[in-house]
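The structure appears right after this line, and notes come after that.
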Amino acid sequence: MIARRPNIKVIVSAVAYHRPISIKDLPSNKHAHQVFDQSPRYKFLSINRCMLKHIHNNWPGRAINVFKQQLQLGFSENIDEVTIAIALKACNGELGLGLQLHGFAITSGYVSFTTVSNALMSVYFKAGDFGRALYIFENLNCPDIVSCNTVLSGSKNSESAFFFALEMNVKGIQFDAVSFTKLLSYCLDLEGFLFGLQLHCLILKYGLDCEVFVANSLITLYSRQGLLIHARKIFDEMPIHDLVSWGAMISGYTHEGNCATDSIQLLVEMLSVGFRPDHVSLTGAVSACSQDGNLELGRQIHGLSMKIGQGKHTSVCNILMSIYSKMEEIADVRLIFKHMNDRNVISWTTMISADKGESISLFNEMRWDGIYPNDVTFIGLLHSITSRNLILEGRAVHGHCVRTGFSSKLNVSNCLITMYSKFNEMENASSIFEETTSREIVSWNALISGYAQNGMHQEALDVYFSIMEFYQPNPYTFGSVLSAIGAAENISLRQGQRCHSHIIRLGLDSDPIVSGSLLDMYAKRGSILESLRVFSQTSLKSQFAWTAIISACARHGDYESAMALFNEMEKEGVKPDSITYLAVLTACGRKGMVDAGREIFNSIIRDCSIEPSPEHYSCMVDMLGRAGKLDEAEELLGRSPGSPSLSALQSLLGACRMHGNVEMAERVVNALMEIKPMESGSYVLMSNLYAENGHWEKVAKIRKGMRESGVVKEIGFSWVDDGSLSLHGFSSGDMSHPQSEEIFCTAHCLGLEIQLLREEEGKDGCHSQGGKRACPSINV
DNA sequence: CCGGAACGCC
C-alpha cells in the first residue's frame, strides 16, 4: 500500500479557519502529531480524531499520551465522552490503565454514558476481569445492542455466550449483524452447528445474509462441517467479497480431501478480480495441496507467493516448508528456511522435524536465535533422536525436557516412552510412565507397544488387562497388544480370544487397524482358518491386512493362496510393501517355485521404490538353497549389499547340509564364525553335516572347539496350549510336569507313527524349516 | 466513539 501524501493545504486551511480536520487528511502519525502540537491549545483539531489516527496506525500508546497531556494541561473542556471511549479502546485490555480511566470517568461524570460503559466493559473483558465487566453491564441505565454484543464477545466460552443470547431473546432484544457474527463464531464445532443453522434461519428472516461479516461467518460455519457446497453457495450469492471472504472460502477447502484444484481455482479467480491474496488464502491453498499430496500445485503457489510479495511471510513459509517436508523435498525446506526473515517456533520446529540429520544442531541454533521451544519442538527432536538411535543425546534431551517442564506434557512424555522403548530401556520407559500425571490411552498405548517391541509380551498383556476396566482402549491399543500375543509362544491363544471378544464388545472389529492386527495375531499363532475368517469379514482391507494374510498363507506353505491373494491385492489397487514381497518370496521358497520367486525378486529390484532388504536376500538364498541351486545362492549372497546376514548364512548352511556340500558349508561356517562366534546352531549344523558324511575326526574337533570356547547349546523350549488361559511349558530332560509319564508315552507312540509314515513316503520326503530333519524322537 | 468475521504450520 502506498502512503498517501499529507494534504497540507487542507490542514492549513482547516487550522486557519478553525474547522475540524478529517481523519483521512492526516496521512501519517508524524504529520498528525506535528499539526496537533502546533495548533494553539489544540483547539483546531479534534483530540478524538488525533487519538483515533494513532490507534489506526497501531500506536495506541501515543493516543493515551495525547489524552494524558490534555489532563495535565488542564484542558478538560476538550474532553468529552467520546474521548474517554477512545482512550479506553487504546488501553488494549491493560487493566491498570483501564482502572485509572474508570476512575476519571466516575469523577467527571462521563461514566453514565452508555458509550463509556461499553468501552469500560470491553477493557475488563479483554483483561479477563469478568466480574467487573458484568457488574457494569448489570448496572447500566439503558443497555443498547452494543452493550449486549460486548458481553457476547467477552463471554468466557460458547456456553455462556449462548446463555446470554437466550436472555437477550427473552428480553426482546433483537440481534443485529454484529451479534450474529459473534454468535456464529461460537458455533464452529459440531455441537454448536445445530444452533448455527437456527441462527442462519434468523439471519435470513432479518435479511442480514448479505452483510459481509455475517456471510463470511456463515461460510466458515458450513465449511467447518465439510458442507462445502453450502459454503460455496453463500460465497457465490453474496454481493461483495472482501479479503476475509476469499480467505474463508479457500481455506474451507482444506477441510475436505481432493480439493486442491478447487482451492487453486478460487485463488486464481481472486487474482483476476483484482485481489492480492493474503497469507490466509495462500496458506489455505497450500494446505489443500498438502492434504492432496499435490506437490506440483504447491510449487506453483510458492511461485505466486514470491511474485506477489508474500514469499517471506512467516506462516506462508511455514506451510510451504511443511508440504515440502511431507513430500520429502528436504533441500527445498532448507532453502525456504534459509531465506526467511522472521522464523518463529513453528518454522524452527518444522525444520527440526524435517531434517533429522541436523535436528540437534538446529535446536541449538534456535536457542541462540532466542526462540523458545514448545512441546511440539521437543516431539520433533525426540522423533529424530529415536529414529537415529542416539541414546546419549536422547538422555540429554530428556533432562532438558524435565528442566523446562515439558516432560509433564502428555505428548512429550509419550515420545519419551517411545524413545526409551526403542532403546530397549523399558525400566526408563515405565518410570516415565509412572511419573505421568494425566494418563490417557495414548500413554498406555506407548507403554504397551514398548513392551511388545522389546519382547516383553507378558508385561504388555498385563498392562492391557490392568487398563481394560478403567480406560476405553482404542485401535492402537489393540494393534500393540495383539502383536504381543502374536509374537509370544508362551501366551495362551485364549488371551487373544479374550481380546477379540473385547474388540467385538467395543465395536472395533470393523476398524482397519484392529482387524489387520487381529488376523495377524491368529495367523502367527497358527489359527489360519480364524485368520481367514477375520480377513473375509474385513470390508476395508489395509495394506497391513493384505500383507498379514499373505504371510499367514506363506507360513503355512500354501503357495497357491498366497499368490492368489497377492494378485488380488494388486488388482484392488493396494500397493505391496517390502514385507508383502517377503511373504510372497517365502511362499515361493516353501513350494520350490524358484522361477516365480526369481521373477518377483527381480521385479522388486526393477521397482526402485522398494529396496530389497537383507531379509529378502536371505529368503532368496533359502529358496535357491532348498532347490539345490547352491552356487546361485552363494553368488546372490555375495551380491547382496552389506555383509551377509546371520539368517542368510544359516539358510545356506542348512541347504549345504541338505545337499551334502561339505566344501561350501565350510566356507559358510567360517563367515558365520566372523559374525557370531558364539552361535551354537552353526556348530551343531556343521558337526551334523560332518557326521552324515563320515568325517568323524572333524566332528570331534568341533565338539572340542565348542567346549573350549564355552559355546553352550541352547536348551529347546516349547509350550503346549490346551485351550486354558495358561500354558504348559516343556524343555528337554524336564520331568516336572505332573503328567510327564503319560506325555512321554504318547510322544513315543507319535514318534513311531511318524517313522512309519516316513518310511512309506521314502527317505527325503519332508524337511522342516532351517534344514533340520523332522526327528522321530520328540523332545518333551 | 463502544461490539463482529477467515487461516495456520510443527
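Values below: every heavy atom of this structure, side chains too, minus hydrogens, waters and symmetry copies. By convention in this document, chain letters (A, B, ...) are assigned in the order of the sequence lines, proteins followed by strands, and residues within each chain are numbered from 1.
With B:dG4, B:dC9, B:dA5 as the candidates, the nucleotide lying closest to the side chain of A:Ser322 is B:dC9. Side-chain proximity of A:Ser353 to B:dC9, B:dC10, B:dG4: nearest is B:dC10. Distances were taken from every side-chain heavy atom of A:Arg224 (C-beta onward) to each of B:dC10, B:dA5, B:dC7; the shortest belongs to B:dC7. In this structure, of B:dC2, B:dC7, B:dC10, it is B:dC2 that holds the atom nearest to the side chain of A:Thr115. In the set B:dC2, B:dG4, B:dC9, B:dC9 carries the atom at the smallest distance from any side-chain atom of A:Ile319. Taking the side chain of A:Val82 as heavy atoms from C-beta on, and the options B:dC1, B:dG4, B:dG8, the nearest nucleotide is B:dC1. Distance from the side chain of A:Ile86 is smallest for B:dC1 among the nucleotides B:dC1, B:dC7, B:dC9. For A:Thr349, taking side-chain heavy atoms from C-beta onward, the closest of the listed nucleotides B:dC10, B:dG8, B:dA6 is B:dC10. Closest contact between the side chain of A:Leu188 and the listed nucleotides B:dC10, B:dA6, B:dG8 involves B:dA6.
Near-neighbour residues of DNA chain B inside residues 323-345 of chain A, defined by a heavy atom below 4.0 Å, are absent. Of all the residues in residues 263-286 of chain A, A:Asp278, A:His279, A:Val280 reach under 4.0 Å from DNA chain B with at least one non-hydrogen atom.
Here A:Phe235 pairs with A:His241, A:Trp246 under the ring pair (Phe, Tyr, Trp, His ring centres under 6.0 Å) rule; sequence neighbours left out.
Using a 4.0 Å heavy-atom distance criterion, A:Thr181 is classed as a base contact. At a threshold of 4.0 angstrom between heavy atoms, the contacts of A:Ile145 include nucleobase atoms, whether or not backbone atoms are also involved. Using a 4.0 Å heavy-atom criterion, one finds that A:Ala177 contacts the bases of the nucleic acid, with or without backbone contacts as well. A:Ile346 comes within contact range of at least one nucleobase, with a heavy-atom separation under 4.0 Å. Using a 4.0 Å heavy-atom cutoff across all strands shown, A:Asp80 reaches no nucleic acid atom at all.
A:Trp59 and A:His54 have perpendicular rings, their planes meeting at more than 60° on a 0 to 90° scale where under 30° would count as parallel. Between A:Tyr206 and A:Phe180, the two ring planes are tilted [angle within 30° to 60°]. Classified by interplanar angle (parallel below 30°, tilted 30° to 60°, perpendicular above 60°), the ring pair A:His279/A:His313 is parallel.
The side-chain tip of A:Lys182 points at the ring of A:Tyr186 from less than 6.0 angstrom away and within 45° of straight on.
Summarising the geometry, the separation between CG on A:Leu152 and P on B:dA5 is reported as 11 Å, rounded to the nearest angstrom. In this structure, A:Lys182 places its NZ atom 9 Å from C1' of B:dA5, rounding to the nearest Å. Between the CE atom of A:Met168 and the P atom of B:dG4 there is a distance of 14 Å, rounded to whole Å. The distance between atom CG of A:Leu140 and atom C1' of B:dC2, rounded to the nearest whole Å, is 11 Å. Regarding A:Asp176, its CG atom lies at a distance of 9 Å from the C1' atom of B:dG4, rounded to whole Å. Whole-Å rounding puts the A:Leu199 CG to B:dA5 P distance at 14 Å. Atom NZ in A:Lys356 sits about 12 Å away from atom C1' in B:dC10, given to the nearest Å. A:Met249 has its CE atom 13 Å from the P atom of B:dG8, to the nearest Å.
Within a 6.0 Å sphere centred on CD of A:Glu167, other residues, nucleotides and ligands contribute more than 12 heavy atoms.
At a threshold of 4.0 Å, the pair A:Asp189-A:Arg224 does not count as salt-bridged, since none of the basic side-chain nitrogens sits closer than that to a carboxylate oxygen. For the pair A:Glu329 and A:Arg299, the salt-bridge criterion is met [side-chain N within less than 4.0 Å of a carboxylate O].
A donor-acceptor contact closer than 3.5 angstrom links the side chains of A:Ser245 and A:Asp242. Counted by atom type alone, A:Thr114 and A:Asp144 present zero donor-acceptor pairs between their side chains at under 3.5 Å.
The side chain of A:Arg49 places no N or O atom within less than 4.0 Å of a non-bridging phosphate oxygen (OP1 or OP2) of B:dC1. Taking only side-chain nitrogens and oxygens, A:Lys89 never comes nearer than 4.0 Å to OP1 or OP2 of B:dC1.
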Decide side-chain hydrogen bond (donor to acceptor under 3.5 Å, both in side chains) for A:Asn445 and A:Asn414; before the verdict, give the C-alpha distance in whole Å, the side-chain angles of both, and the deciding distance to 0.1 Å. CA-CA 9 Å; A:Asn445 288 351; A:Asn414 289 339; over 6 Å; no
